[in-house]
Amino acid sequence: MATEFDPVADSSGIRSQPTTTTAFGREWNLTRLWYGFVGTAGFLAVWWAGGREVPSYLLPTPGEVAGALWAELVSGELLVHLGESLLHYIPGVAVGIVAGGLLGIGMGWSLVIDAALTPVVRVLRPIPPLAWIVFAIIWLGLGHTGAAFIVFIGAFWITFYNAYEGVESTSRDLIEVATTLGVDSNRRLLWRVVIPDALPGILTGVRTSVGQCWMMVIAAELFGAPGVGYEIITSANNLAMARSIAYMLVISVVFLLSDWAVRRVRSYLLDWQQ
Amino acid sequence: MRDHNDAAITIDGVSKQYEGEGGTTTALREISLSVSSGEFVTVLGPSGCGKTTLLRLVSGLESPTDGDITVEGKLVQGPDPNRGTVFQAYHLFPWLTVRENVAFGLVEQGVPDAERQDRVQEMLEVIGLSNFADAYPKELSGGMKQRVGLARALAVDPDILLMDEPFGSVDMQTRRQLQHELIHIWRDTDKTVLFVTHDIEEAVALSDRIVVMSGTPGCVQATVSVAESRPRNRSAQWFVDQVETLFERIKSNT
């Protein structure tokens with residue numbers, strides 16, 4: 001599963017012009033940059049024109065949002081709330097990826113585990129992570145632990161699925177080659193062939209988890225867990241829409257940063273593919 | 001002279017059947033064949049005659065339905081690095097560099113680090129790819145990939161080399177070159193080679209003995225010895241005649 005932030009790979013239209021690659025892995029050139037600038041300016045102009053016509057509690061102007069963002073940054077509140085979000089996001093994603101990856105590899109590899117767990121997995125996997133919020137509340141309360149639990153479920157199933165697919169579709173041919181070269185245990189086969197062969201799939205799962213789980217974080221926080229999402233909803237309740245949008249932009253920025261970081265790790269680990 | 005007396009590979013009354021939806025298909029019927037130690041034997045036959053299946057049985061990747069295959073006196077019951085296998089489609093590990101691919105079997109055998117590196121370096125020199133030691137397979141041409149495939153199989157120093165149409169996916173120039181290199185390696189290392197191909201010229205150019213198979217089900221139709229010294233001149237009269245004879249023989253059976 002790819003996200004909408006994949007680097008552009010087609011060569012039609014203005015994209016076919018000579019390019020240089022930036023740190024963000026995108027193709028850039030002056031024409032593209034110019035069009036991007038025009039598009040952004042147009043968007044802001046429309047927003048500004050709209051915001052000027054209606055009261056700020058319906059739609060604040062870009063300037064008001066920028067002001068609110070600056071105020072949060074200077075007061076240090078932004079970092080505090082972002083820190084709160086990260087406090088359940090990071091453990092939830094990390095544990096979810098590891099647990100989901102392990103179960104996916106186990107089920108993809110072992111026919112016994114696959115047969116035993118498939119019915120349970122089939123039933124549980126379609127349940128949206130947010131549906132578990134009732135249990136998160138009852139069992140753990142809606143603090144960091146409860147929110148981390150929701151994030152965990154999201155990351156778990158996404159990574160599980162990608163790891164399972166990756167392992168299940170391991171090249172039979174490469175397994176055969178490995179056995180002719182002296183690999184004679186399941187453990188060695190997993191380590192030397194199956195996991196490396198499934199790694200692209202597993203890392204796609206990791207990348208998708210890292211992105212999707214920001215949604216879980218915000219959703220859990222809208223229910224009351226502390227963090228950026230909580231600030232979005234409380235600001236809106238107070239009709240401080242500029243502050244609300246400021247925190248929405250924070251989510252966007254951390255999403256882009258985390259996706260970029262995962263992509264870097266991914267291209268480092270998969271340099272044999274490029 | 002080589003000692004061709006002791007049998008390295010003995011295939012004794014081997015049949016292979018597959019159970020499918022349309023009933024039982026017999027891929028091989030009653031194959032008996034013996035390959036002496038150090039001998040270069042080619043199994044020649046048209047597509048679908050079961051020659052690849054025969055090689056897979058010897059490598060231990062599949063088991064015969066009937067009959068026994070023994071290698072150096074031991075019954076084949078599964079793959080073993082002592083029977084190095086080279087595949088037509090290379091099957092290099094794409095996530096490993098050339099060096100790491102060649103080292104794969106040595107790592108599994110627990111060969112100490114220093115010794116392993118020396119051995120890999122030696123193999124890279126044999127196949128002439130020292131400059132590509134740190135390249136990934138996708139950066140290599142077909143011929144280079146197959147050189148790596150060969151080096152990977154040879155690195156653990158097997159007694160037997162099993163080759164399944166190894167040069168079937170490369171262009172003609174490269175194929176000639178690789179055949180030439182293979183003969184050199186075979187001479188220098190004293191391996192027993194069981195080689196599968198449908199290319200008659202290739203069989204005549206390389207082999208001590210050619211086993212002609214026909215299908216279906218696959219069975220041994222004839223065995224032809226080629227005593228001429230190598231390298232063999234492909235435009236020599238005996239070569240042309242031999243190719244023609246084999247061609248007629250195969251044609252009359254398909």
Side-chain angles (χ1 to χ4, degrees), chain A residues 7 9 21 25 101 104-105 108-109 111 159 162-207 262-274, chain B residues 52 55-62 71 76-111 134-140 145 148-158 160-164:
Chain A
T21 305
I105 291 168
W109 180 243
L111 292 176
T159 316
N162 284 278
Y164 179 80
E165 294 271 295
V167 169
E168 216 198 8
S169 63
T170 301
S171 158
R172 293 285 124 193
D173 296 329
L174 292 181
I175 290 178
E176 284 189 350
V177 174
T179 60
T180 68
L181 289 167
V183 173
D184 55 4
S185 69
N186 273 332
R187 192 178 59 85
R188 292 301 296 171
L189 206 51
L190 271 171
W191 183 245
R192 295 224 67 194
V193 181
V194 178
I195 293 176
D197 200 41
L199 196 61
I202 294 173
L203 290 176
T204 300
V206 169
R207 185 179 169 199
V262 174
R263 276 217 327 257
R264 289 304 296 257
V265 172
R266 193 164 182 267
S267 60
Y268 171 74
L269 289 174
L270 302 182
D271 61 339
W272 53 271
Q273 265 191 338
Q274 272 110 51
Chain B
T52 292
L55 198 81
R56 288 174 61 82
L57 294 177
V58 177
S59 78
L61 291 170
E62 294 183 46
V71 168
V76 170
Q77 284 174 316
D80 189 300
N82 189 42
R83 277 166 273 133
T85 308
V86 180
F87 303 84
Q88 178 179 5
Y90 325 125
H91 297 328
L92 302 182
F93 300 105
W95 56 86
L96 299 180
T97 62
V98 166
R99 189 197 302 281
E100 291 163 338
N101 265 285
V102 174
F104 193 98
L106 298 169
V107 171
E108 291 312 306
Q109 293 197 335
V111 175
D134 297 311
Y136 286 106
K138 68 168 167 57
E139 300 165 59
L140 307 178
K145 283 181 186 163
V148 178
L150 182 60
R152 182 176 62 179
L154 286 172
V156 293
D157 200 21
I160 318 271
L161 197 53
L162 305 173
M163 307 186 79
D164 182 14

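Lettering follows sequence order; numbering is per chain, from 1. The shown structure was predicted, so the numbers you read here are calculated from the model rather than taken from an experiment.
Proximity to chain B (any heavy atom under 4.5 Å) is shown, for A:Asp184, by neither the backbone nor the side chain.
Between the side chains of B:Arg56 and B:Thr85, not a single donor N or O lies within less than 3.5 Å of an accepting N or O. With hydrogens and angles left out, the side-chain atoms of B:Thr52 and B:Asp164 include a donor and acceptor closer than 3.5 Å.
Taking each heavy atom of A:Ala198 and A:Val167 in turn, the nearest pair found is CB-N, 3.6 Å. Of all the heavy atoms in B:Ala135 and B:Leu140, the pair that sits closest is CB-CD2, 4.2 Å. The two atoms that bring A:Gln273 and A:Pro200 nearest to each other are NE2-CG, 3.5 Å, heavy atoms only. Between B:Pro158 and B:Pro81 the shortest heavy-atom distance is CB-O, 3.3 Å.
Below 4.5 Å, heavy atoms of chain A meet heavy atoms from B:Leu96, B:Phe104, B:Gly105, all part of residues 96-106 of chain B.
Taking chain A as the reference chain and counting heavy-atom pairs below 4.5 Å, the highest number among B:Asp80, B:Val107, B:Leu162, B:Leu92 is found for B:Val107.
Rounding to the nearest 0.5 Å gives a distance of 10.5 Å between CD of B:Glu62 and CG of B:Leu55.
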